[in-house]
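Quick notes on the structure that follows.
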Amino acid sequence: MTQNKSFCDNVVAIVKQIPKGRVTSYGAIAAALGMPRSARMVGYILNNGLFKGGEFIPAHRIVNRNGYLTGKHAFPGEQMMQELLENEGVIISDNRVVEFKKLFWNPASL
DNA sequence: ATACTGACTAGAA
DNA sequence: CTTCTAGCCAGTA
């Protein structure tokens with residue numbers, strides 16, 4: 001019971017390991033957990049666990065497969081996600097991560 | 001208990 | 001090239 005027993009905790013654990021200035025996709029995290037088909041759960045559960053555990057999760061580093069900030073609405077301000085990414089050196093253009101393929105971080109690369 | 005929703009992805013037309 | 005459909009699993013009503 002003291003360990004992770006929910007998919008949520010697993011997702012949070014991976015997200016918290018994302019290096020600064022990097023981004024990843026939902027499917028990549030899901031695949032790292034052994035569920036390459038549950039990409040939807042990653043985003044949905046992150047929204048639910050953004051502040052879960054009393055800690056903030058850098059969910060702004062997670063974007064969809066196209067590099068678009070689909071999850072910006074989960075933040076206090078929809079503009080906040082973009083500012084957070086730009087604050088880490090990630091350039092955003094039209095709600096999309098510039099050079100997303102170059103900044104992509106593979107969670108399974110650990 | 002079932003039904004519906006959702007920060008997605010990949011494949012098909 | 002664009003657009004749509006189906007699959008996926010957990011959480012909430």
Side-chain angles (χ1 to χ4, degrees):
Chain A
M1 292 233 221
T2 52
Q3 305 291 335
N4 50 321
K5 51 229 172 279
S6 296
F7 184 72
C8 175
D9 293 327
N10 285 330
V11 173
V12 171
I14 296 289
V15 175
K16 288 166 71 174
Q17 292 166 83
I18 300 175
K20 178 181 155 204
R22 299 287 181 197
V23 290
T24 189
S25 61
Y26 307 92
I29 295 171
L33 297 174
M35 299 185 185
R37 312 286 210 236
S38 7
R40 308 171 116 178
M41 306 294 84
V42 178
Y44 182 70
I45 279 166
L46 268 179
N47 184 359
N48 185 42
L50 233 185
F51 289 95
K52 193 169 194 174
E55 251 184 295
F56 174 75
I57 299 167
H60 59 272
R61 292 176 184 155
I62 305 171
V63 293
N64 69 351
R65 193 76 179 84
N66 291 311
Y68 281 93
L69 279 56
T70 45
K72 64 183 188 191
H73 75 102
F75 289 82
E78 297 185 11
Q79 200 72 30
M80 178 177 169
M81 186 174 184
Q82 178 173 332
E83 290 185 31
L84 285 170
L85 285 167
E86 290 183 318
N87 187 27
E88 297 188 350
V90 181
I91 308 302
I92 307 299
S93 179
D94 191 26
N95 284 357
R96 180 174 58 97
V97 177
V98 178
E99 302 288 287
F100 165 68
K101 188 153 61 171
K102 189 191 291 185
L103 297 173
F104 181 79
W105 176 77
N106 186 351
S109 182
L110 287 173

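Just so it is clear, the model here is predicted, and its values are computed rather than measured. Numbers restart at 1 for each chain; the letters A, B, ... are given by sequence-line order, proteins then strands.
Here the range on DNA chain C touched by chain A, meaning any atom under 4.0 Å from one of its heavy atoms, is dG7(C) to dG11(C).
Rounded to an integer number of Å, the gap from CD1 of Ile29(A) to C1' of dC8(B) is 11 Å. Distance OH (Tyr26(A)) to C1' (dA10(B)): 17 Å, rounded to an integer number of Å. As a whole-Å value, the separation of Met35(A) CE from dC8(B) C1' is 15 Å. To the nearest angstrom, P of dA7(B) lies 19 Å from CD of Gln82(A). At whole-Å resolution of the value, CD1 in Ile14(A) and C1' in dC8(B) are 17 Å apart. The separation between Tyr44(A) atom OH and dC4(B) atom C1' is 10 Å, rounded to whole Å. Rounded to a whole Å, the OH atom of Tyr68(A) is 16 Å from the C1' atom of dA7(B). Distance, Leu85(A) CG to dA7(B) P: 18 Å, rounded to whole Å.
With hydrogens and angles ignored, the 3.5 Å screen pairs a side-chain donor or acceptor of Thr24(A) with a backbone N or O of Trp105(A). A donor-acceptor pair under 3.5 Å is formed between the side chain of Asn64(A) and the backbone N or O of Asn66(A).
Aromatic ring orientation, His60(A) versus Phe56(A): parallel (interplanar angle below 30°, classes split at 30° and 60°).
Arg61(A) meets the side chain to side chain donor-acceptor pair (under 3.5 Å) test with Glu88(A); sequence neighbours excluded.
Considering only side-chain N and O atoms, Arg40(A) lies nowhere under 4.0 angstrom from the phosphate OP1 or OP2 of dA7(B).
Within 4.0 Å of Leu69(A), counting heavy atoms only, lies no atom of the nucleic acid at all.
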